[in-house]
Amino acid sequence: MTNKKTKRGKFITLEGLDGAGKSTHIPSIIALLKTRGLEIVSTREPGGTRLGEQLRALLLHDAMHPETETLLMFAARREHIANVIEPALKRGAYVLSDRFTDATYAYQCGAKGVASNKVKQLEKWVQGDLQPDMTLLFDVPVEISRKRLSTDREPDKFEREGAKFFEKLRQAYLTRAKENPARFHVIDANQALDKVKVIVDKIISTI
Ligand code: TYD
């Protein structure tokens with residue numbers, strides 16, 4: 001028996017405007033990581049746990065104060081970290097999350113005006129030192145994201161917001177990327193899917 005310590009896994013997050021196309025790339029990212037023999041945990045926020053998914057239903061469809069929204073996002077996140085993300089990283093798995101805390105800075109702070117120092121406090125409380133090792137930001141001009149929004153289901157409350165909201169969102173994401181250059185990769189997602197895939201694969205191969 002060896003008592004070699006398991007190497008901690010990596011935490012990868014995907015961000016972008018609704019309609020930027022990030023979710024489209026999840027299957028191929030998983031496939032690529034699996035070729036390296038890694039255990040992959042694919043998850044999402046808000047959500048990722050039974051309670052988190054219940055909170056997601058409220059968050060995406062019920063009107064509420066932006067600070068209530070922020071608190072519920074972090075409540076779901078606390079559950080997600082404790083039950084899914086941290087155990088997976090500990091056993092050496094790679095965790096791929098469709099959105100994480102950068103989305104709170106973009107949506108609740110950037111677009112809805114919640115004070116970022118409040119989010120910073122919640123972030124410290126809920127995450128401690130946990131931060132993504134790598135964040136892929138799928139960036140597209142606002143009018144492109146609006147055009148790409150899925151039409152085969154009813155839009156959620158965020159997707160029903162106007163162009164001004166999305167413009168603030170995009171700027172907030174780009175500012176987050178500038179402030180955290182070591183982990184952020186900004187991807188120009190305003191090009192053909194196969195071209196974006198080549199870029200994504202190249203970035204993923206570096207982690
Ligand atoms: P999204 O990830 O776009 O899922 P789908 O592809 O199924 O539409 O939806 C999640 C929504 O939740 C999205 O509009 C952004 C929002 N959100 C926040 O406002 N704050 C957050 O902290 C997170 C994680 C998500």
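When a residue number appears, it is its place in the shown sequence, counting from 1. Model, not experiment: these values are computed from the prediction. Ligands are counted one by one from 1 in listed order, and the atoms in each one are counted from 1 as well.
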- Looking at F184, does the NZ or CZ of R176 lie under 6.0 angstrom from its six-membered ring centre and within 45 degrees of the ring axis?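 Geometry flag: not set, cation outside 6.0 Å or 45°.
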- Considering only the protein, which heavy-atom contact is closest to atom 14 (O) of ligand 1, and what is its distance?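 Result: D18 OD2, 2.8 Å.
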- Item | Shortest protein contact, atom 1 (P) of ligand 1 (heavy atom only) |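 Closest protein heavy atom to atom 1 (P) of ligand 1: R99 NE, 3.5 Å.
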- Per-atom contacts of ligand 1 with Q108, taking only distances under 4.0 Å to non-hydrogen atoms: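 Once the distances to Q108 are compared, the set is 18 (C), 19 (O), 20 (N), 21 (C), 22 (O).
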- Examine ligand 1 and decide if any of its atoms is less than 4.0 Å from a heavy atom belonging to E69.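 Distance cut 4.0 Å: E69 fails for ligand 1.
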- Does R153 have a non-hydrogen atom less than 4.0 Å from ligand 1?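 A heavy atom of R153 does come that close to ligand 1.
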- E45 to ligand 1: N or O pair under 3.5 Å?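 Not met; the criterion fails.
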- Item | Polar contact flag, side-chain donor to acceptor under 3.5 angstrom, E69-Y107 |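 Side-chain D/A pair, E69 to Y107: absent.
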- Query: How about K157: does its NZ atom have over 12 heavy atoms from other parts shown lying under 6.0 Å from it?
  - Reply: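 Yes.
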- Determine, considering heavy atoms only, which of E15, R56, E159, R44 sits nearest to atom 9 (O) of ligand 1.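 Going through E15, R56, E159, R44 one by one, R56 has the nearest heavy atom to atom 9 (O) of ligand 1.
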- Aromatic ring proximity, centroids under 6.0 angstrom, F100 and H80: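 No, the ring centres sit 6.0 Å or more apart.
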- Query: Any Lys/Arg nitrogen of D18 or R160 sitting under 4.0 Å from an Asp/Glu carboxylate oxygen of the other?
  - Reply: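 No, D18 and R160 are not salt-bridged.
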